[in-house]
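Positions are given from 1 along the sequence.
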Amino acid sequence: RFDYNTNAYQKLRAVLEKVAAKDINALSREWLFDAIGVGGTWVSRGQVDPVGAPIWGLELRARDMARFGLLATRGGLWSGKPVTAAGWFAEAWTPSAAKADYGLLWWLQGRGSMKGKAPADLVSALGARDQKIYVVPSMKLVVTRQGLAAGTAAEAESDFDAQLLKAIADARA
């Protein structure tokens with residue numbers, strides 16, 4: 001059974017901070033952001049989960065989001081040097097047993113809602129408030145989206161997704 005569960009992965013922040021004895025912003029800079037030149041910040045969204053713990057979100061500029069997308073298209077390499085474990089993106093983009101178009105926090109749209117209409121390797125990080133990173137490694141394509149939610153929004157996708165994915169599919173035709 002598939003259940004997109006924001007509250008579950010929100011718990012990881014506290015675990016990481018406790019084990020590393022550093023806050024999530026220091027960890028993010030040390031493990032990822034500094035290596036790829038990203039200046040993002042984790043902030044409380046002003047909401048709490050069902051047990052009262054704050055819900056956090058990552059604030060990034062569109063350029064920073066694009067840098068993360070570029071890291072993904074390069075399989076975790078930046079300037080030829082590994083930033084993530086070898087094969088991490090391949091694993092993250094492997095369909096889960098419960099949902100064929102979802103991996104590890106990545107939507108596998110080329111294998112799901114756009115199967116046969118868009119590149120099979122089209123994947124996306126669909127964030128809160130319609131903040132998104134789309135990646136198509138075979139096309140060396142990265143698209144980011146920021147701003148207010150577009151049209152009708154569901155749990156992760158919105159009207160913008162359908163329009164963008166159709167444009168990508170049409171461009172390939």
Over all atoms of both residues, closest heavy-atom pair of Leu27 and Leu16: CD1-O, 3.8 Å
Trp93: ring pair (Phe, Tyr, Trp, His ring centres under 6.0 Å) partners, not counting sequence neighbours: Phe89, Trp106
From CZ (Arg1) to NZ (Lys99), nearest 0.5 Å: 12.5 Å
Ser124 side chain to Leu126 backbone, donor-acceptor under 3.5 Å: no
Heavy-atom side-chain contact between Leu164 and Tyr134 under 4.5 Å: yes
Smallest separation among heavy atoms of Ile133 and Met65, with atom names: CD1-O, 3.6 Å
Chi angles and distances behind the side chain to side chain contact (heavy atoms under 4.5 Å, CB included) call for Ile55, Val48: CA-CA 5 Å; Ile55 294 177; Val48 294; 5.6 Å; no
Leu32 side chain reached by Leu71 side chain, heavy atoms, under 4.5 Å: yes
Under 3.5 Å donor-acceptor, Asp121 side chain and Val136 backbone: no
Euclidean distance, Arg74 CZ relative to Lys140 NZ, rounded to 0.5 Å: 9.5 Å
Pi-cation contact, Trp31 with Arg29 (under 6.0 Å, within 45°): no
Arg63 atom CZ, neighbour heavy-atom count above 12 within 6.0 Å: no
Asn25/Thr41 under side chain to side chain donor-acceptor pair (under 3.5 Å): CA gap, chis, key distance, verdict: CA-CA 6 Å; Asn25 284 303; Thr41 304; 4.7 Å; no
Over all atoms of both residues, closest heavy-atom pair of Gly37 and Asp64: O-OD1, 3.8 Å
pair Glu59-Trp42: side-chain heavy atoms closer than 4.5 Å: no
Salt bridge Glu17-Lys22, side-chain N to carboxylate O under 4.0 Å: no
Cluster check Leu122, Leu105: I/L/V/M/F/W/Y, side chain < 4.5 angstrom: yes
Test item: Val123 and Gln109 side chains (from C-beta on) under 4.5 Å apart, heavy atoms: no
Close side-chain approach of Trp56 and Arg45, heavy atoms under 4.5 Å: no
Shortest non-hydrogen contact between Ala100 and Pro95, atoms and distance: O-CB, 3.3 Å
Chi angles and distances behind the side chain to side chain contact (heavy atoms under 4.5 Å, CB included) call for Phe68, Phe33: CA-CA 9 Å; Phe68 186 74; Phe33 294 172; over 6 Å; no
Closest non-hydrogen atom pair, Gly127 against Lys132: N-CG, 4.4 Å
Validation row: Val83, Leu77 side chains within 4.5 angstrom (heavy atoms): no
Asp49: salt bridge (Lys or Arg N to Asp or Glu O under 4.0 Å) partners, not counting sequence neighbours: Lys11
Min side-chain heavy-atom separation Leu60-Val38 under 4.5 Å: yes
Steps toward side chain to side chain contact (heavy atoms under 4.5 Å, CB included) verdict (Tyr102, Arg111): CA-CA 9 Å; Tyr102 194 74; Arg111 298 174 196 139; over 6 Å; no
Rounded distance [0.5 Å steps], CG in Asp34 versus OG in Ser28: 10.0 Å
